[in-house]
Amino acid sequence: MAKTNEEKLHKINEQIAHNYEKINKAKEEIKALKVQRTKLEQKIQENKLIELTDYLKKQGIVSVDDFENLFSNDLTSDDNSEVVENTNN
């Protein structure tokens with residue numbers, strides 16, 4: 001028995017509705033995955049910060065002043081080495 005155009009249209013509309021449901025479900029899954037990704041990225045950054053902090057503590061750098069002094073000492077020693085190099089030329 002041949003389907004009428006109305007029956008065909010009804011079937012197509014059902015397929016469209018079903019596909020929209022799948023799309024909306026996929027969008028919700030993507031949102032949930034993005035939240036998981038963000039949480040994992042934050043945890044990774046926190047772990048890197050903890051690792052860096054532990055390393056600095058092992059090197060004797062426990063304050064901002066210690067850190068700044070490290071760089072000021074490095075810059076001073078670099079400046080002195082350039083002066084020595086320039087006098088040798």
Side-chain angles (χ1 to χ4, degrees):
M1 195 148 101
K3 291 185 177 181
T4 65
N5 286 337
E6 287 82 13
E7 290 172 330
K8 291 178 184 177
L9 178 62
H10 179 69
K11 183 68 175 171
I12 289 172
N13 284 335
E14 285 179 347
Q15 290 174 332
I16 290 170
H18 177 69
N19 285 343
Y20 273 123
E21 286 176 22
K22 290 189 332 189
I23 290 169
N24 289 331
K25 183 179 178 183
K27 285 181 180 180
E28 291 300 318
E29 289 174 0
I30 289 170
K31 285 180 186 178
L33 289 172
K34 285 182 177 180
V35 168
Q36 288 178 357
R37 178 180 65 190
T38 301
K39 287 180 181 179
L40 285 172
E41 288 171 343
Q42 289 174 344
K43 187 65 175 170
I44 289 169
Q45 290 302 318
E46 288 171 8
N47 288 342
K48 286 181 180 181
L49 181 60
I50 290 169
E51 184 180 337
L52 177 60
T53 303
D54 289 345
Y55 176 78
L56 291 173
K57 284 180 183 177
K58 287 178 185 176
Q59 300 302 317
I61 301 170
V62 293
S63 69
V64 174
D65 289 337
D66 292 342
F67 189 74
E68 289 174 347
N69 289 337
L70 175 69
F71 282 109
S72 67
N73 290 340
D74 284 346
L75 292 175
T76 305
S77 64
D78 287 346
D79 290 342
N80 291 338
S81 65
E82 288 180 17
V83 170
V84 171
E85 289 174 11
N86 288 336
T87 59
N88 289 334
N89 289 336

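Of all non-hydrogen atoms in K3 and K8, the two that sit nearest each other are O-CE, 3.9 Å.
With no hydrogens or angles considered, no side-chain donor-acceptor pair links E6 and H10 at under 3.5 Å.
We find the CG-NZ distance between N13 and K11 to be 11.5 Å, quoted to the nearest 0.5 Å. Separation of atoms CG (L49) and CD1 (I44) is listed at 14.0 Å; rounding is to 0.5 Å. Atoms CG and CD, on L9 and E14 in that order, are 10.5 Å from each other to the nearest 0.5 Å.
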Quiz item: Going through the checks in order, is the side-chain contact (heavy atoms from CB on, under 4.5 Å) test met by V64 and E68?
Solution: CA-CA 6 Å; V64 174; E68 289 174 347; 3.7 Å; yes

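Note: the hydrophobic cluster containing L52 also contains F67 (ILVMFWY, side chain heavy atoms under 4.5 Å, direct or indirect links).
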Return all side-chain donor-acceptor pairs below 3.5 angstrom for residues 32-41, not counting sequence neighbours, or 'none' if the list is empty.
residue: T38; atom: OG1; partner: K34; partner atom: O; Å: 2.9

N/O donor-acceptor pairs under 3.5 Å from side chains in residues 20-28, not counting sequence neighbours:
residue: N24; atom: ND2; partner: Y20; partner atom: O; Å: 3.3

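By the 6.0 Å contact criterion, CD on E51 is open, its count of non-hydrogen atoms from other residues, nucleotides or ligands being 12 or less.
Not counting sequence neighbours, the partners of S63 by the side-chain contact (heavy atoms from CB on, under 4.5 Å) test are D65, D66.
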